[in-house]
Amino acid sequence: MPRIIDGLDDGGLWPADPGAAATVQERLAGRVRTEPLDLGGVSLVAGLDVSYAPGDTALVAAAVVMDPATLEVVDSAVAATEPRFPYVPGLFAFRELPSLLKALEGLGTEPDAYVCDGFGLAHPRRFGLACHLGVLLDRPVLGAAKSAFVGRAEAPGPERGSWTPLLDGGEVVGRSLRTRAGVKPVFVSVGHRVDLDSACELLLRLTPRYRIPEPIRRADRLSRDRLAEASAAKG
DNA sequence: GCGACAG
DNA sequence: ATCTTGTCGC
């Protein structure tokens with residue numbers, strides 16, 4: 001259901017080489033908007049993730065749509081493809097976005113916001129996966145990463161909900177957020193049409209029990225299961 | 001030059 | 001990301 005907005009064509013997702021990919025990011029970075037998101041208007045949230053087969057021989061991208069109030073799954077879709085871009089730190093979107101967009105095409109619903117497994121503005125060119133997806137769809141997107149990439153953050157307080165700024169070159173590019181007491185924090189950053197306060201508030205709503213936000217956990221499980229089924233079918 | 005480096 | 005057993009703890 002969601003689609004790339006008019007004027008962006010293929011979203012610059014098929015660069016000839018890493019140098020061209022970085023140029024695409026620099027060109028599109030100016031389109032990112034940071035603004036408050038009215039959580040009252042968010043009734044459908046999509047979580048995205050990708051699983052890979054050993055040797056990069058196959059991948060499955062998954063999108064799981066949930067009601068943030070009940071955390072009930074209302075829709076989901078997958079896309080089984082092959083990697084067409086290597087994993088290069090800083091160019092993550094060129095590896096995952098084509099397949100994720102294909103999965104989104106299979107949804108029967110229109111999510112109000114998206115949660116990516118990775119970074120947004122906390123990126124060398126301030127244009128991580130969450131920004132790229134947000135700009136292509138022109139929808140609210142936030143990034144939630146499990147480990148650091150750029151910048152540094154002090155350890156947040158031990159209780160759920162406490163956070164510290166993620167700083168890169170004196171610039172606030174995200175937050176280190178404790179989603180659960182006693183576990184390692186998650187790194188939150190703005191992708192598009194959301195600000196850090198809204199992003200953290202939404203993320204905490206989506207993370208009632210485990211460290212990882214529920215939509216991403218579900219997408220991770222779905223993509224992993226589908227990948228296993230596919231490889232089992234082949235032998 | 002060397003190490004670090006989202007998934 | 002993926003390869004991998006048992007094990008400590010709620």
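Residue numbers begin at 1 in each chain, while the letters A, B, ... track the order of the sequences.
- Between K146(A) and the phosphate of dA6(B), there is no side-chain N or O to OP1/OP2 separation shorter than 4.0 Å.
- With rounding to whole Å, H123(A) atom NE2 is found 15 Å from dA4(B) atom C1'.
- Contact annotation: S147(A) side-chain N/O to dC5(B) OP1/OP2 distance is not under 4.0 Å.
- Enclosure of atom CD in E159(A) by more than 12 non-hydrogen atoms of other residues, nucleotides or ligands within 6.0 angstrom is indicated.
- Closest to the side chain of R95(A), out of dG7(B), dT2(C), dA6(B), is dG7(B).
- Enclosure of atom CZ in R33(A) by more than 12 non-hydrogen atoms of other residues, nucleotides or ligands within 6.0 angstrom is indicated.
- Within 6.0 Å of atom CZ in R226(A), 12 or fewer heavy atoms from other residues, nucleotides or ligands are found, so the atom counts as exposed in its surroundings.
- The NZ atom of K184(A) sits 10 Å away from the P atom of dA6(B) (whole-angstrom rounding).
- The nearest whole Å value for the distance from the CG atom in L59(A) to the P atom in dA1(C) is 14 Å.
- The aromatic ring of F149(A) stacks onto the base of dA6(B), its centre lying under 5.5 Å from the centre of the six-membered base ring with the two planes under 30° apart.
- The aromatic rings of H132(A) and F94(A) sit perpendicular to each other, their planes meeting at more than 60°, with 30° as the lower class boundary.
- Among the heavy atoms of the strands lying under 4.0 Å from F92(A) is at least one base atom, whether or not backbone atoms are also near.
- Stacking between Y87(A) and dG7(B) is present: the aromatic ring centre lies within less than 5.5 angstrom of the base six-membered ring centre, and the two planes differ by under 30 degrees.
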